[in-house]
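Structure record follows, encoded as structure tokens.
All values below come from the heavy atoms of this structure, side chains included, with hydrogens, waters and symmetry mates left out.
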Amino acid sequence: MRAYSGSTSQTHPHTRPRSRVVSVPRALAVPMIEAAFPRRLHPYWPKLQEKSRTWLREMRLMPPDKVERYADSLCYTDLVAGYYIGAPDELLTAIADLSSWFFAWDDRHDRDSVHGRGAQWRQLCRGLHATLNEPRQYRHHKDPLVAGFADCVLRLYSFLGPSWNARFARHFHPVIDAYDQEFRNRRCGTVPTVEAYIELRRLTFAHWAWIDLLEPTARHELPDPVRKHPAYRRAARATQDFSAWYNDLCSLPKELAGDELHNLGISLIQHEGMTLEEAVREVHRRVTECVKEFVEAEREVLLFADELAEGEDGDGELADAVKSCVFNMRNWFSSVYWFHHESGRYRVDSWDDRSMPPYVTEEALAENELVGEE
């Protein structure tokens with residue numbers, strides 16, 4: 001696509017067995033991230049990659065041949081290993097599996113939308129809602145997406161206790177509903193306005209669920225006054241909006257090829273009358289503003305954490321937990337940035353069929369749908 005022409009070669013250090021030279025199109029380059037947001041990876045990453053392949057096969061979320069051919073190149077584990085530095089290995093594994101599940105769910109959503117499989121899609125949504133409330137009951141569900149979600153949720157619920165678990169569920173129920181809204185939009189051909197899309201995207205990206213997972217990573221549940229502190233929320237919102245909109249920026253060619261309607265660039269083109277090139281520049285401007293907003297909010301959060309630790313009644317453990325959370329919010333920027341230029345998920349120009357990703361198998365999806373109806 002002409003809007004994405006031109007590239008710069010960037011070499012970036014990794015905590016990985018090898019280094020890579022990544023080509024970043026100029027339209028997608030964010031120099032501030034490359035200069036000031038170093039890439040970090042959890043030391044468990046190599047083992048995590050191996051475990052993820054096994055889990056995808058066992059849960060039947062990808063056919064074995066697709067796992068062997070594509071799983072590593074999709075880089076799903078790299079993405080999560082850069083988000084949650086300091087997490088216990090077992091937690092990081094559960095989060096990584098949730099992330100892989102999320103991509104598989106997104107692929108099902110796309111194919112169900114394309115083929116109009118409304119009954120199967122509604123059945124899946126009902127199963128996912130039920131799983132959040134009683135995950136143990138759904139671990140062996142016939143639909144791999146329900147069983148895989150139950151497995152992840154049950155493991156995540158083992159770290160901090162009932163109040164955190166209930167909050168995570170409260171934050172994830174609207175994610176399922178938002179995906180259902182996207183399904184209905186696609187069936188009706190509705191492109192959301194820019195404002196409506198931004199709110200919907202904050203749900204389909206599961207902003208607050210990913211932020212919730214910073215707390216078990218820090219081994220400390222944050223009290224409401226801390227989580228609702230304006231600077232903490234601004235920092236969290238900035239890192240998540242950046243991640244969602246940078247994904248939109250990089251996945252725009254893939255989504256245009258697949259007749260997707262949900263992308264900030266597509267809403268700008270449809271409702272603001274922008275050309276493709278103008279929309280790309282505007283999304284890029286917005287993601288850059290997110291980086292600047294985070295840096296400002298980060299300073300305030302760190303000052304707030306210092307205040308929590310001060311005085312006779314200071315809580316050093318809570319302060320350290322807040323610092324851990326904002327440290328990993330920062331890590332989202334570099335992890336998301338480099339993931340989009342390393343992962344094969346967005347290399348639409350290399351696919352035989354630009355509308356059908358090679359890591360998705362229609363036959364396997366159809367089989368899973370039929371199993372779910374039994």
Side-chain angles (χ1 to χ4, degrees), residues 1-13 22-40 79 82-83 192-202 204-207 210-211 230-256 262-302 326-343 345-346:
M1 298 177 71
R2 190 159 55 88
Y4 288 74
S5 62
S7 65
T8 57
S9 292
Q10 302 290 340
T11 304
H12 52 99
V22 179
S23 180
V24 181
R26 290 188 180 90
L28 306 180
V30 184
M32 188 175 182
I33 289 179
E34 294 174 13
F37 288 74
R39 179 78 180 272
R40 299 179 176 92
L79 182 65
Y83 285 172
T193 65
V194 173
E195 293 76 14
Y197 174 75
I198 287 172
E199 292 306 314
L200 185 64
R201 185 65 166 130
R202 285 171 175 160
T204 58
F205 197 79
H207 274 37
W210 297 119
I211 293 298
Y232 187 88
R233 291 184 70 83
R234 277 176 34 234
R237 174 67 57 87
T239 191
Q240 294 297 297
D241 279 347
F242 167 84
S243 301
W245 300 344
Y246 196 71
N247 175 266
D248 283 2
L249 187 63
C250 295
S251 66
L252 185 55
K254 170 181 180 284
E255 293 179 345
L256 287 172
H262 298 90
N263 184 292
L264 182 54
I266 293 173
S267 288
L268 289 165
I269 293 167
Q270 177 75 17
H271 294 287
E272 304 294 330
M274 293 187 182
T275 64
L276 173 61
E277 289 79 4
E278 290 169 340
V280 167
R281 287 196 296 270
E282 174 59 16
V283 178
H284 188 280
R285 184 192 68 79
R286 292 181 184 231
V287 300
T288 302
E289 287 300 313
C290 288
V291 184
K292 296 176 181 177
E293 173 69 15
F294 172 79
V295 171
E296 293 177 4
E298 180 187 37
R299 295 191 193 102
E300 296 181 38
V301 177
L302 292 174
V326 77
F327 169 76
N328 278 318
M329 288 181 198
R330 165 174 277 271
N331 289 334
W332 272 76
F333 289 94
S334 57
S335 190
V336 165
Y337 184 77
W338 292 114
F339 163 74
H340 281 89
H341 304 297
E342 295 171 350
S343 175
R345 186 172 177 85
Y346 307 102

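Annotation: side chain of Met274 is not in contact with side chain of Arg281 (no heavy-atom distance under 4.5 Å). No side-chain heavy atom of Val336 sits less than 4.5 Å from a side-chain heavy atom of Phe339. Here the side chains of Phe327 and Arg40 are in contact, with some heavy-atom distance below 4.5 Å. Considering only heavy atoms from C-beta on, Met329 stays 4.5 Å or farther from Phe242 through its side chain. Glu300 has its side chain within reach of Arg234: a pair of non-hydrogen atoms, C-beta onward, lies under 4.5 Å apart. Contact of the Leu249 side chain with the His284 side chain is registered, since non-hydrogen atoms from C-beta on lie closer than 4.5 Å. The shortest distance between side-chain heavy atoms of Thr239 and Asn328 does not fall below 4.5 Å. With contacts defined as side-chain heavy-atom distances shorter than 4.5 Å, the pair Val280/Leu276 qualifies.
Separation of atoms CD (Gln270) and OH (Tyr197) is listed at 14.0 Å; rounding is to 0.5 Å. The distance from the OG atom of Ser23 to the CD atom of Glu342 is 12.5 Å, given to the nearest 0.5 Å. Rounding to the nearest 0.5 angstrom, the gap separating the OG atom in Ser251 from the CD atom in Glu255 is 3.5 Å. Considering CG of Leu268 and CG of Leu252, their distance stands at 10.0 Å, rounded to 0.5 Å.
With sequence neighbours left out, the side-chain hydrogen bond (donor to acceptor under 3.5 Å, both in side chains) criterion links Arg237 to no other residue. By the side-chain contact (heavy atoms from CB on, under 4.5 Å) test, Ala238 is found to be paired with Glu293, Phe294, residues two or more places apart in sequence or in another chain being considered. Evaluation of the side-chain hydrogen bond (donor to acceptor under 3.5 Å, both in side chains) rule for Arg202 yields Glu199, Asp241 as partners, not counting sequence neighbours.
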Check against side chain to side chain contact (heavy atoms under 4.5 Å, CB included), Val30 and Glu34: CA-CA 7 Å; Val30 184; Glu34 294 174 13; 6.0 Å; no

Between Ile198 and Trp245, does the side chain to side chain contact (heavy atoms under 4.5 Å, CB included) criterion hold? Intermediate values first, please. CA-CA 9 Å; Ile198 287 172; Trp245 300 344; 3.9 Å; yes

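Ion pairing between Arg286 and Glu282 holds under the 4.0 Å rule for side-chain N and carboxylate O.
The two residues Glu278 and Gly273 come nearest to each other via the heavy atoms OE1-O, 4.3 Å. Pairing each heavy atom of Gln240 with each of Ala206, the nearest pair is OE1-O, 4.5 Å. The two residues Ser243 and Trp332 have their closest heavy-atom pair at OG-CE3, 3.3 Å. The two residues Leu28 and Tyr337 make their nearest non-hydrogen contact at O-CE1, 3.6 Å. Here the shortest heavy-atom pairing between Lys254 and Arg345 reads CD-O, 3.4 Å. When all heavy atoms of Asp248 and Leu264 are compared, the closest pair comes out as OD2-N, 2.9 Å.
Using modelled atom types, one finds a donor on one side chain and an acceptor on the other under 3.5 Å when comparing Asn247 with Arg201.
Between Phe333 and Phe37, the ring planes are tilted. Angles from 30° to 60° get that label. Ring geometry for Trp338 against His341 counts as perpendicular: the plane angle is over 60°, on a 0 to 90° scale with 30° as the lower cut.
With hydrogens and angles disregarded, a donor-acceptor distance shorter than 3.5 Å links the side chain of Ser334 to the backbone of Asn331. A distance-only check finds no donor-acceptor pair linking the side chain of His262 to the backbone of Pro192 [under 3.5 Å].
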